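Throughout, a chain's letter reflects where its sequence line sits, starting with A, and its residues are numbered from 1. Predicted, not measured: the structure shown is a model, and the values here were computed from it.
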Amino acid sequence: MSRKGRYGEYGGQYMPEILMPALQQLERVYQECKNDKLFQEELEWYHKHYGGRPTPLYYAKRLTESTGGAKIYLKREDLCHGGAHKFNNVMGQALVAKRMGKRHIIAETGAGQHGTATAMAAAVLGLEAEIFMGAEDVKRQKMNVFRMKLMGAKLHEVTTGSCTLKDAMNEALREWAASVETTYYMLGTAGGPHPYPEMVRDFQCVIGNEIRTQLKEMEGKLPDLLVACVGGGSNAIGTFYPFLKDKGVNMLGAEAAGYGIHTGVHSATLTAGTVGVLQGCKSYLLQDEDGMVKPAHSIAPGLDYPGVGPEHSYLKDIKRVVYEGITDEHALESFVTLSRQEGIIPALESAHAVWAGVNRARNMDRDQVVVITVSGRGDKDLEIVHSQGLIK
Amino acid sequence: MSRKGRYGEYGGQYMPEILMPALQQLERVYQECKNDKLFQEELEWYHKHYGGRPTPLYYAKRLTESTGGAKIYLKREDLCHGGAHKFNNVMGQALVAKRMGKRHIIAETGAGQHGTATAMAAAVLGLEAEIFMGAEDVKRQKMNVFRMKLMGAKLHEVTTGSCTLKDAMNEALREWAASVETTYYMLGTAGGPHPYPEMVRDFQCVIGNEIRTQLKEMEGKLPDLLVACVGGGSNAIGTFYPFLKDKGVNMLGAEAAGYGIHTGVHSATLTAGTVGVLQGCKSYLLQDEDGMVKPAHSIAPGLDYPGVGPEHSYLKDIKRVVYEGITDEHALESFVTLSRQEGIIPALESAHAVWAGVNRARNMDRDQVVVITVSGRGDKDLEIVHSQGLIK
Amino acid sequence: MKRMPQMFQRCKDDGSMALVCYLTAGYPDLGRSLEYLLAVDRAGADVIEIGVPFTDPVADGPIIQYTSDHAIRTGTRPNQVFELVRCLRAESDIPIVLMGYYNPIFAMGEGTFVTRAAEAGADGIIVADLPLEESAGMSRACRIKGLDMIQMVTRLTPPERMIIIARESTGYLYLVSRTGTTGKMTQIKPELRQLIGHTKHLAGRLPVVVGFGLSEFMQMQDLRMAGADGAIVGSALLKRMIEGVPPDKVGNYVTKLKQACGSKHH
Amino acid sequence: MKRMPQMFQRCKDDGSMALVCYLTAGYPDLGRSLEYLLAVDRAGADVIEIGVPFTDPVADGPIIQYTSDHAIRTGTRPNQVFELVRCLRAESDIPIVLMGYYNPIFAMGEGTFVTRAAEAGADGIIVADLPLEESAGMSRACRIKGLDMIQMVTRLTPPERMIIIARESTGYLYLVSRTGTTGKMTQIKPELRQLIGHTKHLAGRLPVVVGFGLSEFMQMQDLRMAGADGAIVGSALLKRMIEGVPPDKVGNYVTKLKQACGSKHH
Ligand SMILES: Cc1ncc(COP(=O)(O)O)c(C=O)c1O
Ligand SMILES: Cc1ncc(COP(=O)(O)O)c(C=O)c1O
């Protein structure tokens, strides 16, 4: 990191002045937390007793055999409480909020994953959660809305603009600006202004740290290849970061290529985007030549975002991590394959990583090891996949 | 147990002669498995690496505080792969089937929980699953049907009788009779003919065994009260059995009292039933004075069964376990409470146990410990609860 | 001598095979149920098995399940079944066997059930979900009241077990002719012929009656040739009843079946 | 002397407070956008802030977001905005400030953007998501081209930080009058009066202009009394435009606002 909150040229704090004191306070408090044994112990307690950590590292025998190449291990974030790696982040941030004395948490949500995770973390710590969600998404995601309300969160239905994620995020930032002294803003991925990318990455590093310990125990070595899907990039950075210094460990980030990069209908920010500034940080993003942000597409709701966390932009530039676009079609194929061969229904987001990982494993040696992070479970995606008519 | 397959007068093998050789074979093979270190190691491997075991024992601080009595711990079977304790059973039985060389597994399912669990276990071991499900249930449970198919199971839609669970079970037994040499019948609870009640109980005992170890570590003592919901009784017997010899450990089974025992619309087999013989074993059941089985009701699909595993009937008679009927209304109340106070959405089945446990904890001392088994997660029940209109 | 052995003796003398007809009690209702029973009796059946309806007939196929459910809904309980037996007995001397499931018997009490069955005029009892291991009590109760307790064997029953079951069974031995449950047809294959021979051999002097899935006339002849002492027809009759075929026409069908069994009178 | 300080001097001489009017460029389309700008100018505005539309205006309220989205859809990009400035400049000598977000500037290149803005006739630039920490590059580019780089402070800005920002800011200091974002009304409360005094004190000779959520005439008078050098009105104008109020009528409203600012001419 060249300077505070920067990853090469990426990152920064591109935010309205009104939020700067809050960001600086957060930065300060987070640094305290990071170095506070009691905080870390409390977080670990929630990991273990509430969240179901450590999650298993599972040797997928049948998938490996049908692939015929490297050994494929799956890091089972789908077994986290709430059904995804989102848990690691919201739990950490909710404890930070509590320490700051902020009992009111706001968060934006698209399909509802981060919203439900936030509601859950707020519930267990006795904080209030207010979830900003576009009216269109509210209509489409009835069950997630119900889940949030069930856990006591207040729904703030956003009726401006396209009534979807982006508008929900704008509205949440406005609300934050209006009540910044008492409100904690819970960001859902390793993006946004400093210190969020760093903080969220730190909270997600439990994924990679566990992989290291578990694989050491099982294979006595480091992985040859790590694979994770990249939406905002939180599960991927959590998987990769602890291995960045290990030269022999290759890394592959699977982005959403949607209908195919060439069609322009995708969310492959790193593969097909250009550098810009969006929602607080400098990073690759999908934009036109005038700097207008382009809509993203992915069959996976959690990958459907035109930006990406700044550290990934840096890792791409320095070629430490390779990023690859995986189409909707291939993701669907892996969704079915993993369900059928391993009895694990992955999130559509994770299915991107599975496809990318299996594809690489095929051309690797049998004594090599690929670890794919299954960021979440696919129950949330059944309607989407069902509507594709793949299974009669 | 007074004689083989008997719990006092309960249990037995009330089955057509055609199935007796298969039951005897199963009994033999299962005894082998039970004593085979390799089998147990393989099962443990799947528990740890595939299923997410051990599941946490979680001290529910906020629930305890709002209750104001004994310390409440939750055994988190909702974090098992697949979302319920069903995992423990299907994984064990699927390994038994594999050992018997039976690659075709059949199972009946009502709401689809046991069906999806069976499909999952079959998928990971590369076995074929055929799920018998009433046509009415197929219509009502579209997503669970899709889940099973996704994992490669064949759906056998049953169009006889009332087209629900009971007919599916009859049809599955017929199918078993017709192909018993090559087919393994995967029973979903600790009921049915010997050796199922014993085998399923053994597979579920991992719940109680883990509670013992975990609580020892956390509180340095045994629980004062164990609470679990009772449908067929598998998660409850798995919770209770390892503590049966510990005099100081009280046990409470929460049955479904539906609209209330006095209305007759319930599934409270032990509380309000009489002794009889249904689907293979002698036990308490809901029947009229002519021995005709009465329909059961519960808001929780998994408790909606007129019979119960035989060992519970025995434990009731010898007063080792107390059984109590919890109404739909109280279960719903706990469903909401646990979601709101702990960010854990329990299965409606488990919500029965939560109500019963919290109610007891209220009148216990602060240094006492209640452990409630949360048998599964409630995502599957959101539609049902939503339709109750409790949350706007 | 009792009705059952007399009947087998008569068939033997005839050179025919016994025709056992199964009807669900109370289908389509109690009154018409009796009419069908009488018609089947008059048409030449040698034994009548009366199904005691139960809510969860796991050993039966869809047709018997359907008629059972229907009969339960229209009020047919064990006591009504005894009444039916009494009415049939008043008109006929045909051997009558009650076939049912254990729970209604258990609910009434084994002793009471058997006593009432005997008093109503029944000759034997079959309990579909009461294998050897669970049937000691019923066997004893039947012995006391002089009823036959008919046991079942299948092609999967190991020889030693078959010998024991045959020893326990009285009246006849019920041989399940296929792996599945009642109601589905099957061809008489060489294996079945061997199975019948094998069972006859192990059953000693006890008659062997073959059931489950029979309806074709050809099958009857084949079974007789294979050495069966009797054949059971159930779903095939009930199917006709469900379709609305009246008692006399069902009787005609029974007559033809009996002819196929090799009755002298054909 | 440059237009901006001249204008503030004139207001001072007048005894009035400067009225800063914000309009989104290209709303409802480029042609009519110019008509509204000219009308507002003629009606008595002292400064015109032209909003450069961006797809994700996180610091703005629903009204500005709506007009931005609309303007983007009808083709308003930075180059079109410069054209608009050029047209306005051809007709008027009013100080023109471009207000926007950083990404379109970054996309064009800071230097190019500033150069083109200057060439078109703009006097200053405000970038809503470019706090002190990120604005060094833009400040430098503006300095080179003689444009004002106007910075923002809020009631949450600590005093030391406010001093630094005021030192970095040129043209005026933009004081966000409430905690929230643009577009919502607020009462002028005692705290705001104190905040203005405090900011004026720390800002030294730099004029302090108050913005966000202003629309009532009463507010203008209160602000003037509190010592503000200017007041910004944006959403209140755009709201009228969205309702279809024509340029001359919007102009009348501006005239009344300016009167409330204490212009001698009222
Ligand atoms: C299951 C799952 N995986 C991945 C993602 C993408 O987020 P990230 O790239 O921050 O891990 C999401 C976002 O909602 C998700 O729900
Ligand atoms: C979550 C859950 N809990 C409990 C039960 C009841 O089963 P048992 O009593 O065998 O544990 C079920 C059955 O489907 C279930 O799905």
Side-chain angles (χ1 to χ4, degrees), chain A residues 45-53 55-62 65 73-74 76 78-83 116-117 119-126 142-144 146-147 149-153 214 218 335-336 338-345 377-380 382-383 385-386 390-392, chain B residues 45-53 55-62 65 73-74 76 78-83 116-117 119-126 142-144 146-147 149-153 214 218 335-336 338-345 377-380 382-383 385-386 390-392:
Chain A
W45 189 91
Y46 279 100
H47 276 176
K48 180 172 172 196
H49 294 99
Y50 183 64
R53 302 212 72 91
T55 58
L57 183 64
Y58 168 65
Y59 169 51
K61 188 157 164 282
R62 299 193 66 229
E65 281 166 6
Y73 279 82
L74 305 176
R76 300 289 305 279
D78 61 304
L79 290 175
C80 281
H81 181 48
T116 51
M120 172 187 88
V124 69
L125 295 187
K142 284 213 182 64
M143 279 306 121
N144 267 343
F146 183 60
R147 236 183 224 109
K149 289 185 178 173
L150 194 55
M151 292 188 283
Q214 292 169 323
M218 289 190 272
F335 185 92
V336 175
L338 199 65
S339 300
R340 191 145 296 180
Q341 294 193 352
E342 297 290 352
I344 298 171
I345 305 178
R377 61 170 130 95
D379 302 67
K380 70 184 183 61
L382 289 175
E383 302 259 8
V385 177
H386 187 55
L390 290 173
I391 313 266
K392 267 148 298 282
Chain B
W45 190 91
Y46 279 99
H47 275 176
K48 181 173 172 197
H49 294 99
Y50 183 64
R53 302 211 70 92
T55 58
L57 183 65
Y58 168 66
Y59 170 50
K61 188 158 163 282
R62 296 192 70 228
E65 282 168 3
Y73 279 82
L74 305 176
R76 300 288 305 279
D78 60 304
L79 290 176
C80 280
H81 182 48
T116 50
M120 172 187 89
V124 70
L125 295 186
K142 285 212 182 65
M143 279 305 122
N144 267 344
F146 182 60
R147 235 183 225 109
K149 290 184 177 172
L150 193 55
M151 292 188 284
Q214 292 168 322
M218 290 189 271
F335 185 92
V336 175
L338 199 65
S339 301
R340 192 146 296 180
Q341 293 193 351
E342 297 290 353
I344 298 171
I345 305 178
R377 60 171 132 95
D379 302 68
K380 69 181 183 64
L382 290 176
E383 302 259 8
V385 178
H386 186 55
L390 290 174
I391 312 267
K392 267 148 294 287

Counting only non-hydrogen atoms closer than 4.5 Å, does B:Asp379 touch chain A with its backbone (N, CA, C, O), its side chain (CB onward), both, or neither? both

For A:Leu382 and A:Phe335, the nearest pair of non-hydrogen atoms, with its separation, is CD2-CZ, 4.4 Å

Kindly compute the distance separating CG (A:Asp78) from CG (A:Leu338), expressed to the nearest 0.5 Å. 8.5 Å

So which of A:Arg62, A:Gln214, A:Glu383, A:Lys142 has the biggest tally of heavy-atom pairs under 4.5 Å with chain B? A:Arg62

Top contributor to chain B contacts, counting heavy-atom pairs under 4.5 Å, from A:Leu150, A:Val124, A:Leu390, A:Ile391: A:Leu150

Could you check whether the rings of A:Trp45 and B:Tyr58 sit parallel, tilted or perpendicular, using 30° and 60° as the cut-offs? tilted

How long is the gap from CZ on A:Arg377 to NE2 on B:His81, to the nearest 0.5 Å? 10.5 Å

For the pair A:Glu65 and A:Gln341, evaluate side-chain contact (heavy atoms from CB on, under 4.5 Å) and give the outcome as yes or no after the intermediate values. CA-CA 10 Å; A:Glu65 281 166 6; A:Gln341 294 193 352; over 6 Å; no

If you tally heavy-atom pairs under 4.5 Å between each of B:Leu57, B:Ile344, B:Val336, B:Thr55 and chain A, the highest tally belongs to B:Ile344

Quick one: which of B:Glu342, B:Met120, B:Arg53 has the most heavy-atom pairs under 4.5 Å with chain A, could you say? B:Glu342

